[in-house]
Amino acid sequence: MGPDAGFARQSEISRYPVNNGAVAAMATETLPGPMNVANLRDFVESAAVAMHSVAADGTILWANQAELDLVGYSRDEYVGCNISRFHADATVIADIMRRLTSGETLRSYPARLRSKDGSLRSVLIDSSALFEGGKFVRTRCITRDVTRETIVEQKLRETEKWQRELIDALPVAVYTTDANGVVTHYNRAAADFAGRSPQVGIDRWCVTHRLYRVDGTYLPHDECPMAIALRTGEPVRGVEAVAERPDGSRVSFIPYPTPLRNSDGEVSGAVNVLVDITERKRAEEARARLAAIVETSDDAIISKNLNGIIQTWNAGAERIFGYTAEEAIGRSVTMLIPESQSDEEPRILEKLKRGERIDHYETVRRRKDGSLLDISLTISPMLNERGVIIGASKIARDITARKRAEAELKRANSDLEQFAYSASHDLQEPIRNIVVYSEILSRQCTDLREEKARECVSFIKQSGLRMDALVKGLMDYIQSDDSSAAVEEVDSNEALGQALLNLTTTIQETQAQITHDPLPRVRMRPGQMEHLFQNLVGNAVKYRRDDEAPRIHISVSRERTGWQFAVKDNGIGIAPEYQDRIFGIFKRLHTGGKYSGAGIGLAICQRIVERHGGRLWVESEGNEKGSTFFFTAPVAGSREQACGTLTTWPVS
Ligand code: ADP
C-alpha cells in the first residue's frame with residue numbers, strides 16, 4: 001500500500017470517527033467547491049495539527065507536513081520507517097500499538113518523540129485504527145505537541161516541591177492553606193508545635209488543637225489571625241495567642257499569617273508562621289520578677305560600668321543615699337565615697353577587672369545630705385553573654401543601726417564585765433575573812449564542845465571555800481574573753497604539749513594514756529588553744545571510771561568550716577539529757593566530794609571557741625560509755641597540713 005492510499009476514497013473519509021468525522025463534516029459543510037479528494041488532501045496536508053498513519057506492523061504509511069515539522073525529518077526520512085524509531089519510550093509505543101490493535105481509541109495519550117536534532121518532544125496522541133473485514137488496515141493519529149506546556153508544568157511542579165522542601169527544612173512552625181483556609185501543607189516543626197499531626201485537606205485555619213487569647217478566653221478557630229488574614233486579604237501581625245496541645249500543655253506564640261495571591265491578584269491561599277514565645281515570656285516574667293525584687297529590696301542595689309559610672313539605681317539606693325535614680329544614673333559612684341575612703345574605688349575596680357568578688361565589705365559612704373553612714377558592700381563582676389566583664393552589681397546594706405547596736409552592746413558588756421570583775425574582787429575579801437575567822441574559831445575555841453556548833457563552823461568554812469572557788473571561776477571566765485588580743489598562727493601540737501605539761505601530776509597519778517593525731521596549725525589568740533586542751537583533757541582525766549585508767553585520744557579532721565578537733569575519753573560519760581546543760585556557768589553534773597571543780601571550765605572553753613567563730617559540743621552514749629568533746633578552730637593560712645610528731649603521753 002502506497003503512502004497516499006489511505007485518502008484515495010471519499011467513502012473512507014466519511015467513515016472516520018470523531019476527529020476525522022469532524023474533518024469530514026468540515027469538508028462537506030464549509031470547504032468551498034465540491035468535496036473531492038484533492039481538496040481534502042490539501043486540507044489535511046496543510047493542517048496545522050500533526051497527523052500520520054501507521055500500518056499494523058508500525059510502518060509509517062503517511063504523515064502530513066505538520067507532523068514532519070514536529071519531528072524534523074523529511075517525508076522520505078520519515079514515511080516508510082517504523083514509528084517506534086521516533087518514540088523515546090519503547091514501552092509507550094508498544095502499548096499504543098497494542099491498544100490500537102485491540103480496537104481501543106486513544107485520547108490525549110502522553111508520549112515522547114525524539115526529533116531529528118535529538119530533542120525530545122512531549123506529545124498527546126489521539127488515535128484509532130481502521131479495520132476492514134476485521135483486519136487492521138492502518139491507524140489515524142493526530143499528535144499534539146505539548147512540549148512547552150509540559151516544561152511549564154514540570155517547572156511548576158519543581159517550584160512547588162522546592163517550596164515544600166524549604167518549608168519542611170525551616171526550624172519554625174509553618175503551614176499553608178488554600179483560599180478557604182483548608183490546610184494544604186505543614187512542616188515537622190508545625191506538628192511538634194501543635195503536639196499533633198494536622199489533617200491536610202480537613203483542618204481549617206489552624207494546625208493547633210485549641211486556641212486562647214492572652215487574657216485566657218477561648219479563641220474559636222474561625223476567628224484566629226489566619227482566618228482574619230484570609231477574610232481580609234491582609235497579613236495579620238503582632239497578635240499574641242496561646243495554643244493548647246491535645247495533652248493539655250500550652251504554648252504562647254505569635255502567628256504571622258500572610259495571604260498569597262495568584263497572578264490575577266486573587267487570594268489563592270495563605271502561609272502562616274508560628275513563633276513560639278514561651279521561653280521569651282518566661283524570661284520576661286523572670287526579668288520582671290527580678291526587677292520587682294530589686295525594686296522592693298531594702299538594700300541599695302546598684303550597677304556600674306568598669307569606669308565606675310552608675311548604670312542602674314533602685315528604690316533602696318534612693319532611700320539609703322538620698323539621690324533619685326535620675327540624679328544618680330550616669331554619675332560616678334565616687335559621689336558616694338567620703339574623702340577618707342577615696343582610695344577604695346580604684347582598689348575595688350581593680351579587683352572587679354580581675355573577676356574577683358567582694359563580700360560583706362564594711363565601710364563608710366556619704367549620703368546626698370553629706371551625712372555618713374556605715375554600709376556593708378557586696379560587689380560582684382557582671383559578665384556579658386560572651387563572658388566578658390562589663391561592670392559590677394553592688395548591694396549596699398545600711399548597717400549604721402547595727403553598728404550602733406554593736407557599739408552599745410560592747411559598751412554594755414564591758415560595763416558588765418567591769419562590774420562583775422570589781423564585784424568578784426570585792427567579794428573575795430569578805431569571803432576570805434569568813435574562811436579565816438571560822439578556821440580561827442574552830443582552832444582556838446577548843447571548848448566549843450557542842451557537836452552542833454562545830455558542825456556549823458565547818459559548814460561556814462566549806463561554804464566560804466566554795467564561794468571563793470566560784471568567785472575565782474567567775475573572774476577566770478571574765479578574763480578568758482581576751483578579744484583585744486590579735487589572733488595568730490598557733491601550732492596545736494605545741495599547745496597540747498604545754499597543756500599536758502601543766503597536767504603532768506594528774507596524768508602520772510591516774511596513769512592516764514594520752515595519744516593524738518598529728519595536729520595542724522590554727523588561728524587563735526595566744527594561750528587559748530592550750531587552755532582548751534588543758535580543760536578538756538583535764539576533765540577527761542578527772543571524770544574517769546573507777547575501774548579503768550583513763551585513755552584519751554585527740555584527733556582532728558578537715559571540715560568545710562575549718563579544723564574539727566575531738567577529745568575522746570573512756571570515762572564516766574554523760575547522759576544525753578545533760579549534754580547541753582554542762583556548758584553553762586556553774587553547771588555541774590557531779591557535786592560534792594568526788595569530783596572537785598566550780599563548773600566553769602566548759603563555759604570558758606565554749607566562750608573561747610565561739611569567739612573564734614567555732615562550735616563546742618559533746619557526744620556520749622551515756623553513763624560509763626565515755627565522752628567525746630568536739631570543737632572547731634579556724635584554719636591557719638595556706639599551711640593547712642596537719643603536722644607534729646608527738647603521739648603519746650607520757651613519753652616513755
Ligand atoms: P567542772 O569540771 O569544774 O565541774 P566543767 O565546766 O569543766 O566544770 O564541766 C561541767 C560538767 O560537765 C562537769 O561537772 C561534769 O559533770 C561534766 N563533764 C565535763 N567533762 C566531762 C567528761 N569528760 N566526762 C564526763 N563528764 C564531764
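When a ligand or atom number is given, it counts from 1 through the structure's own listing order.
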| request: Tell me which part of I574 gets within contact of ligand 1: side chain, backbone, both or neither, using heavy atoms under 4.0 Å. | output: side chain
| remark: Counting heavy atoms under 4.0 Å, the part of L536 that contacts ligand 1 is neither
| field | Polar contact flag for L602 and ligand 1 (N/O pairs, less than 3.5 Å) | value | yes
| Looking at ligand 1, does any of its N/O atoms fall within less than 3.5 Å of an N/O of L589? | yes
| query | Heavy-atom contacts under 4.0 Å between F629 and ligand 1: side chain, backbone, both, or neither? | reply | side chain
| Given side chains that start at C-beta, do those of R544 and Y595 come closer than 4.5 Å, heavy atoms only? | no
| Under a 4.0 Å heavy-atom limit, does N535 contact ligand 1 with its side chain, its backbone, both, or neither? | neither
| said: Ring-plane angle category for W313 and F321, please: parallel below 30°, perpendicular beyond 60°, tilted otherwise. | reply: tilted
| task | Decide yes or no on ring pair (Phe, Tyr, Trp, His ring centres under 6.0 Å) for F565 and F630, but give the supporting numbers first. | result | CA-CA 6 Å; F565 290 84; F630 295 91; over 10 Å; no
| What part of K542, side chain from CB on, backbone N/CA/C/O, both or neither, has a heavy atom under 4.0 Å from ligand 1? | side chain
| Region of S620 engaging ligand 1 - heavy atom pairs below 4.0 Å | neither
| message | Under 3.5 Å between any N/O of G601 and any N/O of ligand 1: does that happen in this structure? | response | yes
| task | Report yes if G597 has an N/O atom closer than 3.5 Å to an N/O atom of ligand 1; otherwise report no. | result | no
| query | What is the closest protein heavy atom to atom 10 (C) of ligand 1, and at what distance does it sit? | reply | K587 O, 3.3 Å
| task | Report the nearest protein non-hydrogen atom to atom 21 (C) of ligand 1: residue, atom name, distance rounded to 0.1 Å. | result | Y543 CD1, 3.4 Å
| query | Got an N/O contact under 3.5 Å between G599 and ligand 1? | reply | yes
| query | At what distance, to the nearest 0.5 angstrom, does CZ of R607 lie from CZ of R611? | reply | 5.0 Å
